[in-house]
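Note sheet for the following structure.
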Amino acid sequence: MADYAIGDLQGCYSEFDALLKRVNFNPSQDHLYLVGDIVARGPDSLACLERLYSMQGSVSITLGNHDLHLIACHHLNKPANPKDKLEPLFNSSKRADYIQFLQQQPLAIWLENYNMFISHAGLNPNWSVKKALKRARFAESCYQSDDAHHYFTHMYDPHPLEWLKSLSNEEKFRYIVNYFTRMRFVDHDGKLDLKNKTNTSIDTSFIPWFEHPNILKLKQQITFGHWAALEGKVEYKNIHALDTGCVWGGAMTLMELSKNKYHTESSHSFI
Ligand SMILES: [Mn+2]
């Protein structure tokens, strides 16, 4: 029995399959935590979802921005962006089943055994782990409700920048989703800079979220994906950056949780 976490798949099925084979992943004994962005941009998003669906009792996913976008397009009846290469998935007869499977997944997971918090983009520096899980449950209740369609129409906007009790449910939903799925740089108040996707900020008022003083003093482990430009290089032992940019020609990273052991598979595409 072993527990693993894996970085962003983004449709890179062949590397995903290679890593599962490498560790002899056994769905009847082992469990796989995925930090999200299962789909989009890579060559075979449909195969990634098919595989996860087939072993759904043994996998947990914290949804990423691309996953939520896919679910939103399905509910809002919007075509996929051609550059996401999602046509085979959109044309699949099992599309509704796969979307429903994704929609049941959370935004954040707490693993008591490993003292570990997992989400796609990380932890809002203004939240404790406990508060983050509470906020995640609220946003999940929005996108898993009968009103999901309504919330998806309100998902795309960088605002509000600040949490206030007076925010509407739609604003709270958007604020929470932005932190869990899109965060990279924050300012000293923990406000998001959603424009910069590199690994450095010219504007020194913004720092990587995991360098915020509130995060530096945490004792918990935090595992996240989303930020390929980091190339997995984060110098804090309790922070695990698993998106090593497989879809961009980098590698896919799988971590064995009990040993903090990393396995990587270089991209199979020649790009
Ligand atoms: Mn992402």
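FYI, side chains are in, hydrogens and waters are out, and symmetry mates aren't considered; it's all heavy atoms of this structure. One-based numbering, in listed order, for ligands and for the atoms of each.
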Is it true that His120 and His226 have ring centroids separated by less than 6.0 Å? yes
Looking at the Mn ion (ligand 1), is there an N, O or S atom belonging to His66 that lies under 2.8 Å away from it? no
Below 2.8 Å, can you find an N, O or S atom of Thr181 next to the Mn ion (ligand 1)? no
Quick one: report the N, O or S atom of His226 that is nearest to the Mn ion (ligand 1). ND1
Given Trp127, Phe180, Phe224, the one that forms ring-ring contact (aromatic ring centres under 6.0 Å, His included) with Trp209: Phe224
The Mn ion (ligand 1) -> Asp37, closest N, O or S atom is OD2
Where do Lys94 and Glu50 land on the side-chain contact (heavy atoms from CB on, under 4.5 Å) test, with the steps shown first? CA-CA 9 Å; Lys94 297 200 75 179; Glu50 275 170 346; over 6 Å; no
So if you build clusters from Ile, Leu, Val, Met, Phe, Trp, Tyr with side-chain heavy-atom gaps below 4.5 Å, do Trp163 and Phe185 land together? yes
